[in-house]
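Shown next, in structure tokens, is the structure this report addresses.
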Amino acid sequence: MLAYITAMVLVMAGVSVLVLKDNIIKKIIGLSVFSNGIHLLFISIGYRTGGTMPIMQSADAALFAQAAVDPLPQALVLTSIVINLSIVALGLIISIEVYRKFKTLNMKNMRGMKG
Amino acid sequence: MIWGLTVWSFASILILIISGIITAVAGFSKKHDKNASILTITCMAIAFFFVLLSIPDVLSGGVLSFQMNAWPAPFGITIVIDMLTLVLSLVITGIGLLATLFSYKYIKKRRAEFYALVCFLMAGLLGIVHTGDLFNLFVFFEISNVSSYALVAYYRKRRSVEAGIKYLILGTVASSMILLGIGLIYASFGTLNMADLALKLAGTTGTIVQIALGLLVSGFAFKCGLFPFHFWMPDAYQAAPSPVSAMLGGLSVSAGIYAILRLSVGIFGAPGTLLAAFLVLGSVSMITGAVLAIMQSDLKRMLAYSSISQMGYIVMSVGLGTTLGMVGGVFHIINHAIIKSLLFLCAGVIIFHAGTSNMYDIGKRVRFRPAMTYVFLIGVLALAGLPFFNGFASKWLIYLSTFEFSPLLTIFTIVVSVLTFAYGIKAFYLIFLSGGRSSLQPKIPYTMLVPLIILAAACIVIGIIPQFGTSISETISSGLNSVAYTGAVLG
């Protein structure tokens with residue numbers, strides 16, 4: 001239960017940073033927090049209190065299914081963390097370019113685009 | 001085939017990923033920079049050939065599927081190829097090949113970076129239409145998204161980096177919503193296989209399911225620029241290099257619409273509330289996109305708003321919930337991909353020679369040869385849906401299906417088509433007819449002209465013989481919600 005609440009708090013914090021802050025770096029931090037909240041949600045779906053690691057050591061499949069934690073969400077989160085890493089890296093690289101071109105990182109002061 | 005592959009068209013994804021990696025590595029040395037374009041064009045051609053090879057299999061076998069590494073169905077990652085996948089793969093690899101050929105002369109600097117990203121974008125889009133696994137869908141979605149963020153910011157000018165960072169932030173929010181939706185689905189049903197999910201979902205109407213569906217559909221609606229999620233689209237398309245605009249505006253939106261169709265109609269069984277939302281959002285997108293497109297002075301920005309409007313057509317006609325509406329919508333996806341990439345590539349030629357994308361300035365600077373004029377005119381007329389062009393074939397089906405629903409909606413749809421005609425003709429007049437005395441007639445390189453002529457010919461051929469496209473769309477729409485899909489996957 002605690003994990004679900006923490007995940008929710010992280011998602012809310014991430015979204016509020018995204019909406020309320022204008023600085024690009026802060027927005028990227030908000031994105032990161034947002035996705036980490038979802039990762040925590042994924043992990044807590046497969047979590048089982050007192051469960052064993054999902055490596056089959058005995059031949060008894062039914063016992064294994066009862067005892068082990070669900071390995072699939074962990075694999076998914078690992079993939080998602082890698083994706084998130086690449087997005088954060090790309091975002092920071094683009095924000096370096098933004099600072100070089102605009103001399104500011106504030107979204108509201110960037111006015112290159114017009115209709 | 002190698003690695004237990006039983007389906008040729010999946011090999012096209014592998015070859016594009018391999019070519020992307022080779023291109024990126026070769027880019028470290030300046031010497032090989034030129035070879036990057038040739039390598040990518042070759043690999044795109046091979047990918048197109050692989051998709052062509054799988055046509056007989058799909059035509060004879062219906063729905064093909066295979067499991068990665070031979071894990072049994074609900075556990076391993078499934079690759080499914082049915083008619084919709086096949087047609088969209090043909091469109092993606094075919095138009096992708098033409099757009100890479102177009103960029104041979106268009107992109108002059110940092111070629112390795114550009115072509116590696118294009119390879120990954122194409123592989124991601126092909127993966128979206130091939131996969132039968134929800135999380136794998138997310139992964140391919142992110143592959144295509146990350147490469148398109150980098151491609152939008154490719155020029156590193158003020159406009160490009162601004163559009164790139166906006167696209168990145170909004171796009172990541174959308175993909176996080178998709179991830180959250182997938183998490184909710186896995187928590188309640190314990191499966192990520194689409195066919196298995198469709199069986200488990202049958203008859204359930206929980207709040208969690210509706211929230212998850214809402215999150216997934218909004219995430220993918222972002223990719224195709226449907227009304228409340230369209231804000232990134234004009235900026236990104238304006239700032240991106242023109243071949244990339246063609247890929248995003250023609251192919252990326254098609255992949256987004258594919259994901260929406262597959263999820264909402266194929267797996268969730270088209271719930272009534274969702275269809276009503278499609279009807280409303282589609283109609284609002286149609287009129288907003290068209291009205292905003294008329295007001296633009298920038299050619300590529302206008303085309304981006306036009307994409308929003310045309311996506312509205314597709315989603316609205318799917319939202320009608322009738323068979324005819326579905327057929328029209330599916331047919332319009334294909335036609336829109338062809339028309340919009342044609343127009344964006346035309347915009348590429350125009351920007352290449354005039355140096356600006358402001359429509360009011362282009363006419364004063366350059367006067368184009370007749371071939372270019374006719375190609376652009378064909379694109380504009382097809383977009384507006386005039387008879388004997390492919391846009392008419394699908395829009396006619398959409399008019400018919402709206403007439404069954406309510407004649408008022410038909411009038412509204414025709415009014416939006418008239419607005420489409422208005423902004424298309426405005427662009428045509430400003431660029432080609434208000435030339436004054438500028439006598440410069442640039443010669444268009446053949447690598448640019450040939451893709452344009454092929455796409456324009458496709459517009460006319462599909463327009464004159466629409467029966468073939470209509471029958472394919474009927475096959476697709478009857479296959480979308482049938483048990484053939486789940487039967488082929490789960491055996």
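Chain A is the first sequence line, chain B the second, and so forth, proteins listed ahead of strands; every chain is numbered from 1. All values below come from the heavy atoms of this structure, side chains included, with hydrogens, waters and symmetry mates left out.
- Of the residues considered (A:Pro73, A:Gly37, A:Ser44), A:Pro73 shows the highest number of contacts with chain B, using heavy-atom pairs under 4.5 Å.
- Residue contact with chain B, scored on non-hydrogen atoms closer than 4.5 Å, involves the side chain of A:Ile83 exclusively.
- Within 6.0 Å of NZ on A:Lys21 lie no more than 12 heavy atoms contributed by other residues, nucleotides or ligands.
- For the set A:Ile93, A:Asp70, A:Leu76, A:Val98, the count of heavy-atom pairs under 4.5 angstrom toward chain B peaks at A:Leu76.
- For chain B, the nearby parts of A:Leu90 are the backbone and the side chain; heavy atoms of each come within less than 4.5 Å.
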* To do: Dump the intermediate steps for ring-ring contact (aromatic ring centres under 6.0 Å, His included) on A:His39 and A:Phe42, then the final yes or no.
  => CA-CA 5 Å; A:His39 296 163; A:Phe42 260 92; 7.6 Å; no

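- Contact annotation for B:Ile143: neither backbone nor side-chain heavy atoms come within less than 4.5 Å of a heavy atom of chain A.
- For B:Glu162 and B:Arg158, the salt-bridge test fails: no basic side-chain N is under 4.0 Å from an acidic carboxylate O.
- Aromatic ring orientation, B:Phe135 versus B:Phe138: tilted (interplanar angle from 30° to 60°).
- Annotation: A:Lys26, atom NZ; neighbour count of heavy atoms from other residues, nucleotides and ligands within 6.0 Å does not exceed 12.
- B:Phe222 pairs with exactly one of B:Trp232, B:Phe231, B:Phe141, B:Phe227 by the ring-ring contact (aromatic ring centres under 6.0 Å, His included) rule, that one being B:Trp232.
- Ranked by heavy-atom pairs under 4.5 Å with chain A, the first of B:Ile182, B:Leu180, B:Leu192 is B:Leu180.
- For a residue to count as touching a neighbouring chain, one of its non-hydrogen atoms must lie under 4.5 Å from one of that chain's; by this rule B:Ala153 touches chain A with the side chain only.
- For A:Tyr4, the OH atom counts as densely surrounded, since its 6.0 Å shell holds more than 12 non-hydrogen atoms of other residues, nucleotides or ligands.
- Among B:Met302, B:Lys157, B:Arg156, the residue with the largest count of heavy-atom pairs under 4.5 Å with chain A is B:Arg156.
- Considering only heavy-atom pairs separated by less than 4.5 Å from chain B, the leading option among A:Gly30, A:Gly46, A:Gly91 is A:Gly91.
- When B:Asn145, B:Leu292, B:Val173 are compared by the number of non-hydrogen pairs under 4.5 Å with chain A, B:Val173 comes out ahead.
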